[in-house]
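Below: one structure, written as structure tokens.
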Amino acid sequence: MAVKDVKKVVLAYSGGLDTSVILKWLQTTYQCEVVTFTADLGQGEELGPARDKALMLGIKEENIFVDDLREEFTRDFVFPMFRANALYEGCYLLGTSIARPLIAKRQIEIAEMVGADAVSHGATGKGNDQVRFEIGYYSLKPDVKVIAPWREWDLTSRTRLLEFAEANQIPIAKDKRGEAPFSVDANLLHSSSEGKILEEPWDEPPEIVWQRTIRPEDAPDVATEITIEFERGDAIAINGERLSPATLLTKLNALGKANGIGRLDLVENRFVGMKSRGCYETPGGTILYTAHRAIESITLDREVAHLKDSLMPKYAELIYNGFWFAPERRMIQAMVDESQHSVSGTVRLKLYKGNTIVTGRQSPNSLYSMKHVTFEDDQGAYDQFDAQGFIKLNALRLRLGAMAGRKGGAL
């Protein structure tokens, strides 16, 4: 990209060492005006210092955006994903993946607002986030210029980053001068750790990796019992107290943390082609996932539930790979949301030493019929003789195969 083509750029800015170096690098390399955008997604950090550092680095007050997006994040991104029971590769609740489209969306909104012609992020050229951010940008503003410093500059080591920071009078926290033992990303849904001491998949993660949960072994010896109420597929209350989406997830996080719930040590397949090892903590999300499946178990029609489950891996893969705004993700979402009209009711759970145990579920829309399922006298609700024809019809093709010498319908 020609330097002269960029007049103003919106940078996804955390205030940390990497993005502060990027900010200065953009100013010196592209000679452009920089607008900083810092998103509060519930990462648990004070964001005031990011504003202060941006000011110190010469960013105009009107070009500094620090936005509290916790409610939008939970309501419009996390909850729709949980309606689908999305798990990537069978176990990952997609905490990092689901945050990227919102950041990209807000960056583009700010770019439109301030008349910027470019956006920039701090993702490296090896990971998934560069794909997620940039596919998001192009989906919303197809002609936007994207600057990815890690794919352009020659600051290829931590030593060179620190030298650039010192040469440009960028403050460096004492704990940032040494080599970080691993990389951390966090938001209201989860915390993820990867790299450095976690790169050997055989080595057990040291306890310092886990920041949002206590060890299950250290959790209370008495179970914590809670209820979660759902309305049209979304959690709306805990123990009868109605809460906003972000407040509800925050409370579930605290309950999960106290009971050692939500740890995951995963070797996953990155979209860019390599395998990577990540350690994830999703305390509230793990509880929410279990509770949502429980309320669906009594409210969803069998074929609807099975069809929905069959589409879930594709839906999760789309989010993981950065296709939140793609038409196929939105199409599946419309189907998922249609399935949730009757997914209302209450689930009772016990939280105990890393486990989320369903102990009850009830709904005004329940499809569970005790009259039909009872082992006692059903007073004619179900004619057991009907099963004979049902079984014979389902076995017919297998019987015909066996008669032709292909026992069991062998190929």
Side-chain angles (χ1 to χ4, degrees), residues 9-29 34-59 63-70 73 95-96 99-100 102-104 106-107 110 119-130 132-133 147-198 208-209 211-212 278-281:
V9 58
V10 179
L11 169 66
Y13 182 66
S14 71
L17 173 63
D18 289 7
T19 54
S20 294
V21 167
I22 289 172
L23 192 162
K24 191 66 179 179
W25 180 86
L26 288 169
Q27 291 172 325
T28 57
T29 303
V34 178
V35 177
T36 64
F37 161 54
T38 306
D40 182 357
L41 297 177
Q43 55 265 47
E45 296 176 350
E46 173 57 49
L47 300 183
R51 179 186 293 277
D52 296 340
K53 188 177 282 190
L55 284 169
M56 188 205 68
L57 291 169
I59 306 301
N63 283 342
I64 299 173
F65 292 80
V66 180
D67 295 345
D68 184 347
L69 301 177
R70 288 173 294 176
F73 176 53
T96 294
R100 299 326 188 205
L102 175 54
I103 294 172
R106 185 59 182 146
Q107 261 186 283
I110 292 171
V119 289
S120 182
H121 61 76
T124 71
K126 276 190 174 182
N128 295 306
D129 278 344
Q130 58 179 334
R132 295 166 182 153
F133 282 130
I147 302 174
W150 283 98
R151 300 202 300 258
E152 295 184 28
W153 64 19
D154 59 358
L155 306 177
T156 53
S157 69
R158 190 156 194 83
T159 300
R160 298 195 70 174
L161 278 177
L162 291 170
E163 288 173 350
F164 183 94
E166 289 175 343
N168 288 276
Q169 299 181 315
I170 299 171
I172 306 168
K174 289 182 180 179
D175 63 343
K176 296 296 183 183
R177 287 190 174 273
E179 190 74 11
F182 49 88
S183 174
V184 178
D185 177 78
N187 58 49
L188 190 57
L189 180 56
H190 92 154
S191 175
S192 72
S193 302
E194 61 182 8
K196 307 293 175 58
I197 62 174
L198 297 174
I208 59 168
V209 167
Q211 301 174 41
R212 293 203 169 187
C279 291
Y280 301 113
E281 293 174 279

Could you tell me which non-hydrogen atom of T19 sits nearest to which non-hydrogen atom of S14, and how far apart they are?
-> OG1-OG, 3.1 Å
Side-chain (R100) to main-chain (D129) donor-acceptor, under 3.5 angstrom = no
Under 3.5 Å, is there a donor-acceptor pair between the side chain of Q43 and the main chain of E45?
-> no
Ignoring hydrogens and angles, tell me if any N or O in the side chain of T28 forms a donor-acceptor pair with the backbone of W25 under 3.5 Å.
-> yes
For the side chain of Q130 and the backbone of G125, is there at least one donor-acceptor N/O pair under 3.5 Å apart?
-> yes
Side-chain touch L41/L189, heavy atoms, less than 4.5 angstrom | no
Is S120 reaching over with its side chain to a backbone N or O of I147, donor-acceptor style, under 3.5 angstrom?
-> yes
Start with the C-alpha distance between I64 and Y13, add both sets of side-chain angles, then the distance that settles side chain to side chain contact (heavy atoms under 4.5 Å, CB included), and finish with yes or no.
-> CA-CA 10 Å; I64 299 173; Y13 182 66; over 6 Å; no
Does a side-chain heavy-atom distance below 4.5 Å link L57 with Q169?
-> no
N/O donor-acceptor pair under 3.5 Å between S183 side chain and G195 backbone = no
4.5 Å side-chain heavy-atom contact, Q211 and S193 | yes
When you measure from the side chain of D154 to the backbone N and O of T156, does any donor-acceptor pair fall under 3.5 Å?
-> no
With a 4.5 Å heavy-atom cut-off, do V119 and F37 have their side chains touching?
-> no
Taking all heavy atoms of N63 and all of V35, pick out the closest pair and write down the distance.
-> O-CG1, 3.2 Å
Sidechain-backbone polar pair: N168 side chain, V21 backbone, donor-acceptor under 3.5 Å | no
Heavy-atom distance under 4.5 Å between the side chains of D40 and V66, does that happen here?
-> no
Indicate yes or no for a side-chain donor-acceptor contact from Q27 to the backbone of V34 under 3.5 Å, with no hydrogens or angles considered.
-> no
Parallel, tilted or perpendicular: ring planes of F133 versus H121, cut at 30 and 60 degrees = parallel
Would you give the length of the straight line joining atom OG1 of T96 to atom CD of E194, rounded to the nearest 0.5 angstrom?
-> 7.5 Å
